[in-house]
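Just so you know, residue 1 is the first one in the sequence shown, and it goes up from there. Just so you know, these numbers come straight off a predicted model, no measurement behind them. No hydrogens, no waters, no symmetry mates; every other heavy atom, side chains included, goes into these values.
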Amino acid sequence: MWQAVVDDWRSAPLRPELKATLAFLEKLTLRPDELIAADVDDARAARVSDQALRDAATVCALFNMITRLADSLGWDVPSPDRLVARAPAMLEGGYSFAALRQR
């Protein structure tokens with residue numbers, strides 16, 4: 001499933017609610033000046049609640065902000081192996097300073 005989404009989320013076998021949310025988020029990220037009320041109406045028509053859309057937009061905005069900061073400031077992104085190695089501590093301790101020190 002994940003690979004199908006990575007390859008092309010539009011053709012991946014996703015629920016209509018998720019596809020509508022992803023379409024909204026893609027436009028919000030790549031073409032925010034084109035986002036209009038009809039885009040929200042399309043998501044609602046696919047049974048996406050206003051709260052779910054707000055939550056998705058918030059998470060999207062945070063990821064976009066972090067990515068732009070990381071790119072502009074040259075932050076190091078850990079390798080996949082390093083991320084997997086520290087995942088248990090992060091799952092157990094979250095983003096606490098104690099968990100972050102274990103990386």
Side-chain angles (χ1 to χ4, degrees):
M1 173 67 81
W2 175 250
Q3 193 58 51
V5 172
V6 169
D7 291 344
D8 181 8
W9 65 265
R10 288 167 200 81
S11 62
L14 301 173
R15 293 185 335 265
E17 300 92 339
L18 184 51
K19 280 192 179 187
T21 302
L22 291 174
F24 178 84
L25 295 177
E26 180 180 75
K27 196 170 192 181
L28 176 65
T29 298
L30 300 177
R31 301 177 311 283
D33 54 320
E34 296 176 16
L35 203 61
I36 58 175
D39 296 309
V40 174
D41 293 339
D42 290 345
R44 286 178 179 147
R47 303 182 68 129
V48 178
S49 71
D50 287 354
Q51 184 63 52
L53 208 53
R54 279 193 297 271
D55 290 348
T58 299
V59 171
C60 178
L62 291 170
F63 271 93
N64 286 336
M65 179 184 67
I66 290 166
T67 300
R68 286 178 176 95
L69 286 170
D71 288 348
S72 64
L73 298 173
W75 292 347
D76 180 41
V77 176
S79 69
D81 290 338
R82 205 163 136 216
L83 289 171
V84 168
R86 76 178 206 219
M90 295 300 290
L91 288 171
E92 183 177 317
Y95 286 91
S96 70
F97 283 118
L100 290 173
R101 274 182 266 175
Q102 293 179 24
R103 51 183 178 154

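The minimum heavy-atom distance between Ala56 and Thr21, with the atom names listed, is CB-CG2, 3.7 Å. When all heavy atoms are compared, the tightest approach of Lys19 to Trp9 is O-CZ3, 3.5 Å. Minimum heavy-atom separation, Ser49 to Ala52: OG-N, 3.0 Å. For the pair Ala20 and Ala43, the tightest heavy-atom approach, listed with the atom from each and the gap, is CB-CA, 4.0 Å. Taking each heavy atom of Arg44 and Asp50 in turn, the nearest pair found is NE-OD1, 2.7 Å. Scanning all heavy atoms of the two residues, the minimum distance from Ala4 to Pro13 falls at CB-CD, 4.2 Å.
In this structure, the side chains of Leu22 and Leu14 come closer than 4.5 Å at one or more pairs of heavy atoms. Side-chain contact between Asp42 and Lys27: absent, with no pair of heavy atoms (C-beta onward) separated by less than 4.5 Å.
Grouping the Ile, Leu, Val, Met, Phe, Trp and Tyr side chains by contacts below 4.5 angstrom, directly or via other members, places Met65 with Leu73. Leu62 and Leu30 end up in different hydrophobic clusters when Ile, Leu, Val, Met, Phe, Trp and Tyr side chains are linked at under 4.5 Å. Val40 and Leu35 fall within the same hydrophobic cluster, defined by Ile, Leu, Val, Met, Phe, Trp and Tyr side-chain heavy atoms under 4.5 Å apart, directly or through other members. No chain of hydrophobic side-chain contacts below 4.5 Å, direct or via other Ile, Leu, Val, Met, Phe, Trp or Tyr residues, connects Leu18 to Phe24.
A donor-acceptor distance shorter than 3.5 angstrom exists from the side chain of Ser72 to the backbone of Leu69, with no hydrogens or angles considered. No donor-acceptor pair under 3.5 Å is formed between the side chain of Asp71 and the backbone N or O of Arg68.
Under a cut-off of 6.0 angstrom, the local environment of CZ in Arg47 is sparse, with at most 12 non-hydrogen atoms contributed by other residues, nucleotides or ligands.
Expressed to the nearest 0.5 Å, how far CD1 of Ile66 lies from CH2 of Trp75 amounts to 7.5 Å.
Residue Trp2 is found in a hydrophobic cluster whose other members, listed by chain and number, are Val6; membership requires side-chain heavy atoms under 4.5 Å apart, directly or through intermediates.
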